[in-house]
Amino acid sequence: MLPALYMLVALLLMSSNESSAHRGRFNCLMYKNVTGSIGVIIDRSTRVGKEQEIAMKIAVQDTYRDSCIQLTLHVRDSSQISNPVTSIASKLLHNRKVQAIIGTLSLPEDAVLSEDLKNFLGIPVIFLSPIAIPPTLAPSVTAPASNLIQMANSISSHVQCLASMVKYFQWQRVTVIFEKSNTFSQNSEVISVLSDSLKSVDSTVKQHLAFPPIGSLSDPDIAIEQELRKLRDMENQVFVVLHSSLELAACIFQKAHLLGMVEKGFVWIISDEIASLLNSVDSSVTASMQGVIGYQTSFVDTSESYKRFKAKFERSYLAKYPDDQGSSNPSLFALRAYDAVQVIGKAKLYSKALLPSLLLSKSVGLSGNMSFKNGMLENPPIFRIINVVGNGYQELAFWSSAYGFSKKPPTQSGLKDDNKNQNNGVPANLGPIFWPGGQETVPKGLSSGVSNENKRLRIGVPALGVFPQFVDVNIDEVHNRTLITGFAVDVFKASLKYLPYDLPFALVPFYGTYDELVHEIYRKGFDAAVGDINILEERYKWADFSQPYVKSGMVMVVTVKEDKANNMWMFLMVFDSKMWVVISSMGLFMGRVTEEQFVQDSPCTMAFSSTVVDYIFHSFTYFVDDCFPVTTICERCQYTEERKCCCWVQLEFIPLPLLGRCFAFQV
């Protein structure tokens, strides 16, 4: 049985290989004379540039394997050439006669080159940028060229995702940090777009911090540290790294970590440009980014084509850069560089006019759908919200412009347009999140300007207080620390939660009188005081007081008794039990006397006997002299007659069974 199974598998593999080989031979027969020349401009000094070069070389090999189209790459390293990028592109066009250009040529540079070279307009330029800038937002571009294809999604999707994150956590102010470039500057329209998006969610850009390219800094460490020190003592503590190279971002976070700016109270948000490279950095970079949140473009990393590419990429990267301390995993930018070469190869199959064919192409690449509109990727992206923890990051949620936040990608979660969340797609819970410094609650993002241990507010507390329930100071000799508790301390800590910022403080015991404690505030020995301090007129000369939360003065303390006002037997409480016994005995005695008097004076000749019930009855009745007609059936007297009679009148509260008594009639 097993040999037969092995034979079947072998036949299937041979059939598959023969089919692939036959398809390859067929493609080679059709496209054996199809060639292409591509100019590539990258920066080999950066991690992104290294990945892009390796990915494009793999794409050339795969294109030839699948279709026998021979593509040639003419790679130029912009970091090793002093000439501007436009000059490098011009030489590639004239000397190498390239049919397309891939690389770091930006929209303003493309517009300048188009004005100088009229024939350049028919050659496609694929810009490998992290974000796509519409021509209307690019500075100094009056007539944008139609041959530029930005291999990225529009900046509007990125700023919408950032604004949604800021809205979810209710941060009112942010500080934007970016690296200066042709598309990012202090007065860039891109910053205005971000500012407008934040205003729509009741937030604002408080400040900008623009760093020059890290390669242009003589001493990057000193320059970055000086700028970060200025930010540390400012009120706002929400920082958004919007645009930066990986090298500059790594230096920023390492310096921020040393300055205590990646601790409790601070918030750092990284954009797709940095977050998509987290799989490629080493542990020393992520160690300084603990608690950072961000977003990265989501792509399918479970397909067979991606797994084959990743295996080739890791082998090639380790072979070329064995001393690189980072990981060998490919980033999003490597995938897009691979897809750029692939779409050029596929466009060569169907048309000699390369630019129109590229603009009309529709395919699925490793990074996602490859279709273009207005010179940029058409399909809106799906962003993965991440949180840096340990040596990597954890996924918190997904975000898209159509559905907002969701726990699964919209293509997998089955979300419908009519089921979208009314609150901009915001989920009920986006967590748990590891914040800087291990903070468990969402940082407020604002500071009082007190940022280090030496500047914490000194709060004096009376160590010799009269009432330990308000302030109780205990010395823990085992752990060598002072424990300060009490109602006044709890009220103070609870009130801090209502502040829009975190207020660092230290409770300091004061071994003196209450008046001396208030004087210490005036003498700047303490910034404030907390405790059972009475508000007195003479103390107003030395310090201000909060609103009183406890009223002092003479009070009366009484025990709580049960309210018996609604008790039906309340009338019994008029006398004690002994008095009630006396009253009852007197009543029985009076009843006995009344009964005997009645028997003696009655003209009735019938026999009449007295009982204890009779005594009780007569105790609560009185004699009426008036006579009135009555019909009586008396078992004891056996006499029925309607006539004038004398009777005993029952009081209103006598029980009904006594009404059946037999009365003595007058004859």
Side-chain angles (χ1 to χ4, degrees), residues 232-235 237 259-266 435-561:
R232 184 183 61 180
D233 296 333
M234 292 185 177
E235 183 182 11
Q237 293 185 335
L259 294 174
M261 297 179 64
V262 195
E263 298 296 333
K264 290 184 179 180
F266 289 90
W435 295 105
Q439 184 171 341
E440 297 180 357
T441 59
V442 178
K444 297 179 181 179
L446 292 175
S447 170
S448 60
V450 182
S451 59
N452 54 48
E453 292 292 327
N454 296 328
K455 290 188 177 181
R456 291 195 301 173
L457 295 181
R458 286 171 52 86
I459 310 298
V461 294
L464 304 177
V466 180
F467 301 102
Q469 294 85 355
F470 282 90
V471 176
D472 188 15
V473 178
N474 294 308
I475 305 299
D476 186 358
E477 297 180 355
V478 177
H479 300 89
N480 191 22
R481 60 180 179 176
T482 302
L483 301 178
I484 302 177
T485 58
F487 179 73
V489 178
D490 294 339
V491 172
F492 171 71
K493 292 180 178 180
S495 63
L496 294 182
K497 297 180 181 180
Y498 291 92
L499 294 177
Y501 50 81
D502 293 320
L503 183 67
F505 66 92
L507 297 176
V508 181
F510 179 75
Y511 295 89
T513 64
Y514 287 98
D515 289 336
E516 292 173 347
L517 176 59
V518 176
H519 290 170
E520 280 297 312
I521 299 175
Y522 177 77
R523 290 193 291 262
K524 306 299 182 183
F526 293 116
D527 297 298
V530 171
D532 52 339
I533 306 171
N534 285 334
I535 303 175
L536 303 178
E537 182 179 357
E538 58 270 17
R539 292 178 181 172
Y540 267 112
K541 301 176 183 179
W542 312 108
D544 292 329
F545 288 83
S546 66
Q547 291 294 325
Y549 54 87
V550 175
K551 292 183 179 181
S552 61
M554 298 296 295
V555 296
M556 180 180 292
V557 180
V558 296
T559 58
V560 178
K561 293 184 177 180

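- The shortest distance between side-chain heavy atoms of I521 and W542 does not fall below 4.5 Å.
- The side-chain contact (heavy atoms from CB on, under 4.5 Å) check on Y498 picks up nothing, with sequence neighbours excluded.
- In this view, E263 satisfies the side chain to side chain donor-acceptor pair (under 3.5 Å) rule with no residue, not counting sequence neighbours.
- Qualifying salt bridge (charged side-chain N to carboxylate O under 4.0 Å, His left out) partners for D544, counting only residues two or more places apart in sequence or in other chains: none.
- The local environment of CD in E538 is crowded, with over 12 non-hydrogen atoms from other residues, nucleotides or ligands closer than 6.0 Å.
- Taking CZ of F266 as the reference point, atom CG of L259 lies at 9.5 Å (rounded to 0.5 Å).
- Residues meeting the side-chain contact (heavy atoms from CB on, under 4.5 Å) test with Q469, sequence neighbours left out: F467.
- Within the 4.5 Å cutoff, side-chain heavy atoms of I535 are placed close to those of Y540.
- By the salt bridge (charged side-chain N to carboxylate O under 4.0 Å, His left out) test, D515 pairs with R539, sequence neighbours left out.
- At a threshold of 4.5 Å between non-hydrogen side-chain atoms, the residues E516 and F510 count as touching.
- More than 12 non-hydrogen atoms from other residues, nucleotides or ligands lie less than 6.0 angstrom from CG of D476.
- For the side chain to side chain donor-acceptor pair (under 3.5 Å) test, residues two or more places apart in sequence or in another chain that qualify with N474 are D472.
- Counting heavy atoms from C-beta outward, D527 and F505 have side chains that stay 4.5 Å or more apart.
- From K541, atom NZ reaches atom NE2 of H519 across 9.0 Å, with rounding to the nearest 0.5 Å.
- In this structure the side chain of N534 never reaches within 4.5 angstrom of the side chain of Y514, judged on heavy atoms.
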